[in-house]
2 protein chains.
Amino acid sequence: MVRKEQLRPGGRSARVQASVHQAVRALLARHDRAEITFPMIATEAGVTPSTLYRRWGELSELLADVAVERLRPDTPPTDTGTLRGDLEAWAEQIADEYASTPGQAMLRDVLAANASGEQAFQCCVYLREALDTLTLRAQLRGEFSPGTESLIDGVMAPIIYRILFLGARPDEAHVKALVSKALHGLA
Amino acid sequence: MVRKEQLRPGGRSARVQASVHQAVRALLARHDRAEITFPMIATEAGVTPSTLYRRWGELSELLADVAVERLRPDTPPTDTGTLRGDLEAWAEQIADEYASTPGQAMLRDVLAANASGEQAFQCCVYLREALDTLTLRAQLRGEFSPGTESLIDGVMAPIIYRILFLGARPDEAHVKALVSKALHGLA
DNA sequence: AGATAAACGCAAATCCTTTGCGTTAGGCCG
DNA sequence: CGGCCTAACGCAAAGGATTTGCGTTTATCT
């Protein structure tokens, strides 16, 4: 039921969307997500509940929208001088972000809404773009990179898997081992 | 709100639980999961809705309970004679099962309920047990196995990651490559 | 067998969700 | 620039879902 494609880009629609997103962020800060409802968000945002029902359909869709926006990286991955260093630093950062309580909640929101949405895919695109950046950077240095797909399989997937199913991020040594193994496979 | 620990094991409680679980499976077979509600399940199971609300609290908890039961493997992984063969066959089977439409829905149910439950962990335990079996089997043959943790990182996590975030399982060649890489790392 | 409390059924009250209709205000074209 | 078209919204009523108090059933323990 997400209608981003046919949304009018400017004016009132945009204001409503911004107001609603901000309301969600504000409510997430002071309530358990299980308590949050459309009427609550509507009051906070100054709109009527029916607007939310028509535009987002389900609460999980709206929460996923907000989560994807929060998961979008604001800065490119830091440049440490080597692919190994870049990967280690970036993987640690992602692990911290996604394993935090709000991070885990955002991951779940994004996956729960996936039935009818594309948020999970978009979330995955962010990771892929970052890995593309690191790979390109490595190539410019003359280093060899195993490539984005291998890095997703070897580094990202294990980290995300452990966060989702075990509720805890792998420790620093484990992340380094994953990076080593991913870089070791090809060379 | 899951109270399995303090549930009375036998008698009426057990009958209600069985009836409710069966009702959920029946409803999942003929309705979209978005349409399913507690009152609907209650009617199908012959109980009152308040029983469901008190015992499971949220619909996602009940759906996750049913999903975990369905994801529990009924047979041990097939023995092909080599660890590589075992891993390939088992990974293919898991990929098929989890990537199917009901499989994806079950995965999402399990993860969505994780906020207050332990279903995701239990689901992960099944995979770990199967990998333990394969590792033990390999050791009895005199083969070397990289170990359960490495196999989770190298084979299971990438498969599950791609199913969850991309909505599609890796193809057969990709799975074989994952197994090869996992077995190649140590030796 | 009797006591105890968990689990359930029932029903009322509350809240969420859906939906029809009128109004507002972007976007577009003459 | 002015007017048309319709997406998006607000409002309110109707329909379900959820919660909760209370009495009853029944599993468990002594």
Side-chain angles (χ1 to χ4, degrees), chain A residues 1-24 26-28 30-66 109 112-113 115-117, chain B residues 1-24 26-28 30-66 109 112-113 115-117:
Chain A
M1 269 281 175
V2 173
R3 308 182 189 168
K4 280 191 173 178
E5 309 77 17
Q6 39 185 329
L7 262 190
R8 293 183 175 184
R12 185 167 62 169
S13 284
R15 282 196 304 276
V16 166
Q17 163 152 345
S19 172
V20 168
H21 278 213
Q22 181 178 344
V24 170
L27 287 173
L28 282 175
R30 36 177 218 272
H31 293 287
D32 280 355
R33 80 191 325 78
E35 304 173 358
I36 297 179
T37 63
F38 268 158
M40 202 181 302
I41 297 168
T43 300
E44 176 85 15
V47 300
T48 60
S50 63
T51 293
L52 304 183
Y53 287 110
R54 280 194 236 260
R55 191 149 159 186
W56 281 278
E58 295 188 9
L59 185 57
S60 62
E61 289 280 339
L62 172 53
L63 291 177
D65 266 9
V66 175
D109 288 339
S116 54
Chain B
M1 270 277 178
V2 173
R3 309 182 189 169
K4 280 192 173 178
E5 309 78 18
Q6 38 186 329
L7 260 190
R8 292 183 174 184
R12 184 167 62 169
S13 283
R15 281 196 305 276
V16 166
Q17 163 153 345
S19 171
V20 167
H21 277 214
Q22 181 178 343
V24 169
L27 288 173
L28 282 175
R30 34 177 220 274
H31 293 287
D32 279 354
R33 83 193 320 81
E35 304 172 358
I36 296 179
T37 64
F38 267 157
M40 203 181 302
I41 298 168
T43 299
E44 176 85 14
V47 299
T48 60
S50 63
T51 293
L52 305 183
Y53 287 109
R54 279 193 236 261
R55 192 149 157 186
W56 281 278
E58 295 188 12
L59 185 57
S60 62
E61 289 281 337
L62 173 53
L63 291 177
D65 266 9
V66 175
D109 288 339
S116 55

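Chain letters run A, B, ... following the sequence lines, proteins first, then strands; residues in each count from 1.
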From C/dC16, C/dC10, C/dG26, pick the nucleotide closest to the side chain of A/P39?
C/dC16
Would you say the side chain of B/T37 lies within less than 4.5 Å of the side chain of B/L59, judging by non-hydrogen atoms?
no
If you take atom types as modelled and just measure distance, does the side chain of B/S50 reach the base of C/dC10 with a donor-acceptor pair under 3.5 Å?
yes
Picking from C/dG26, D/dG10, C/dG9, the nucleotide nearest the side-chain atoms of B/V47 would be C/dG9
Let me know the distance between CZ of B/F38 and P of C/dC10, rounded to the nearest Å.
18 Å
Distance check: side-chain N/O of A/R15 vs OP1/OP2 of D/dC9, anything under 4.0 Å?
no
Closest of D/dT18, C/dA7, D/dC9 to the A/S13 side chain is D/dC9
Atom pair CG/CD1 of B/L62 and B/I41 - distance to nearest 0.5 Å
5.0 Å
Does a side-chain heavy-atom distance below 4.5 Å link B/R33 with B/L27?
no
Quick one: does any side-chain atom of A/S60 pair with a main-chain N or O of A/A113 as donor and acceptor, under 3.5 Å?
no
What is the separation between atom CZ on A/R55 and atom P on C/dT19, rounded to the nearest whole Å?
20 Å
Within the structure provided, determine whether A/V20 and A/R55 are in side-chain contact (heavy-atom separation under 4.5 Å).
no
Nearest whole angstrom, please: distance from the P of D/dA8 to the CD of A/Q17.
11 Å
B/E35 CD to C/dT18 C1', straight-line distance once rounded to whole Å
15 Å
Rounded to the Å, how far apart are A/E58 CD and C/dT18 C1'?
13 Å
Take atom CH2 of A/W56 and atom P of C/dT17, then tell me their distance rounded to the nearest Å.
15 Å
Rounded to whole Å, CE of B/M40 lies from C1' of D/dT18 at a distance of 15 Å
Under 3.5 Å, is there any donor-acceptor pair linking the side chain of B/R12 to the base of C/dA7?
yes
Of the nucleotides C/dG26, C/dC16, D/dG10, which one has an atom closest to the side chain of A/Y53?
C/dC16
Does A/T48 put a side-chain nitrogen or oxygen below 4.0 Å from OP1 or OP2 of D/dC11?
no
Can you find a donor-acceptor pair, distance only, under 3.5 Å between A/R54 side chain and D/dG10 base?
yes
